[in-house]
Amino acid sequence: MLSRRLRTIAVVLGVAAIGFGLYQNHHGSVNAHPPPVVVLEARKPIVQGTTAAGIRQGAGYTRVAVPLSQVETGAIVDPAELAGKVAVQDIDAGQQLTATEFGPAPTGSPGPSIRALVIGPTWPNEIGRQIKVGTHIDVSVAAGGKLRGLYGNMDVLAIGSDGGTVTLEATRRQAGRLISISQNGRDRLVVRLHR
């Protein structure tokens, strides 16, 4: 009778040991392959001096899942990490965005080759409810009774509290031309939501 009990206990312990071994085997293999990490990756080249406003999801970057072993040091995983930042070096398309590639944006200017330009179109009501921070607009000039397109798809950085001014991200060349037009007194700048 005692030997029958010992045999039963031995069988139960053997089954338990096999079950525990299978459990460890299964969970060991899961831990050997950690889940991928979702990081931000440049969709197109990002030029040094580009602000976070100019690097929007879908246009400037996308989220991609990469194996943990391929995640760059300092890889950015949350778009909020870009807030108030500017690219401090050129970034190639397909490259992971990392913390070392971005620094604080200089006050009053989006970057060395980019300017924050405030323009006040002649007709303040042109800046309607549809134009908000982060949207894109097209800028035209009304001269001699004709409307001529100047620049398209420009980033809106701010809207004036009176609704009559808009702050755009512009290159030095664009800024110079827009300032010249707004100061000549003959022509009017017209803004429209980019479509």
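Only heavy atoms go into these numbers, but all of them, side chains included; no hydrogens, no water, no symmetry mates.
The side-chain hydrogen bond (donor to acceptor under 3.5 Å, both in side chains) check on D90 picks up nothing, with sequence neighbours excluded. Annotation: side chain to side chain contact (heavy atoms under 4.5 Å, CB included) contacts of R173 (sequence neighbours excluded): T171. With sequence neighbours excluded, no residue forms a side chain to side chain contact (heavy atoms under 4.5 Å, CB included) with A83. The side chain to side chain contact (heavy atoms under 4.5 Å, CB included) check on S182 picks up L189, with sequence neighbours excluded. For the side chain to side chain contact (heavy atoms under 4.5 Å, CB included) test, residues two or more places apart in sequence or in another chain that qualify with I179 are L117, Q183.
Nearest heavy-atom pair, P104 versus V86, reported as atom, atom and distance to 0.1 Å: O-CG1, 3.6 Å. Residue R43 comes nearest to A93 through the heavy atom pair O-CB, 3.9 Å, listed as atom of the first residue, atom of the second, then distance. Nearest heavy atom pair, residue A142 against residue V190, reads CB-CG2, 4.2 Å.
Between L82 and I76 the shortest side-chain heavy-atom distance falls below 4.5 Å. Inter-residue side-chain proximity for L40 and R63 is flagged as met; some heavy-atom pair is nearer than 4.5 Å. Counting heavy atoms from C-beta on, the side chains of L178 and Y151 come closer than 4.5 Å. Between M154 and D138, every side-chain heavy-atom pair lies at or beyond the 4.5 Å cut-off.
Atoms OG and CG, from S140 and L147 in turn, are 4.5 Å apart once rounded to the nearest 0.5 Å. Here the straight-line distance linking atom CZ of R148 with atom CG of D187 works out to 7.5 Å at 0.5 Å rounding. To the nearest 0.5 Å, atom CD1 of residue I137 and atom CZ of residue R192 are 10.5 Å apart.
Here V71 sits in one hydrophobic cluster together with V37, V39, V64, V66, L68, V77; the rule is ILVMFWY side chains under 4.5 Å apart, joined directly or through other members. Applying the 4.5 Å side-chain rule to ILVMFWY residues, one finds that V88 remains a lone member of its cluster.
In summary, of the residues considered (I181, V166, L168), a side chain to side chain contact (heavy atoms under 4.5 Å, CB included) with V139 occurs for L168 alone.
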Could you give the side-chain donor-acceptor pairs of residues 94-103 under 3.5 Å, partners two or more places apart or in another chain?
residue: Q95; atom: OE1; partner: D92; partner atom: N; Å: 3.2
residue: Q95; atom: NE2; partner: E101; partner atom: OE2; Å: 2.5
residue: Q96; atom: OE1; partner: E72; partner atom: N; Å: 2.9
residue: Q96; atom: NE2; partner: Q70; partner atom: O; Å: 3.0
residue: T98; atom: OG1; partner: T100; partner atom: OG1; Å: 3.2
residue: T98; atom: OG1; partner: E101; partner atom: OE1; Å: 3.4
residue: E101; atom: OE1; partner: T98; partner atom: N; Å: 2.9

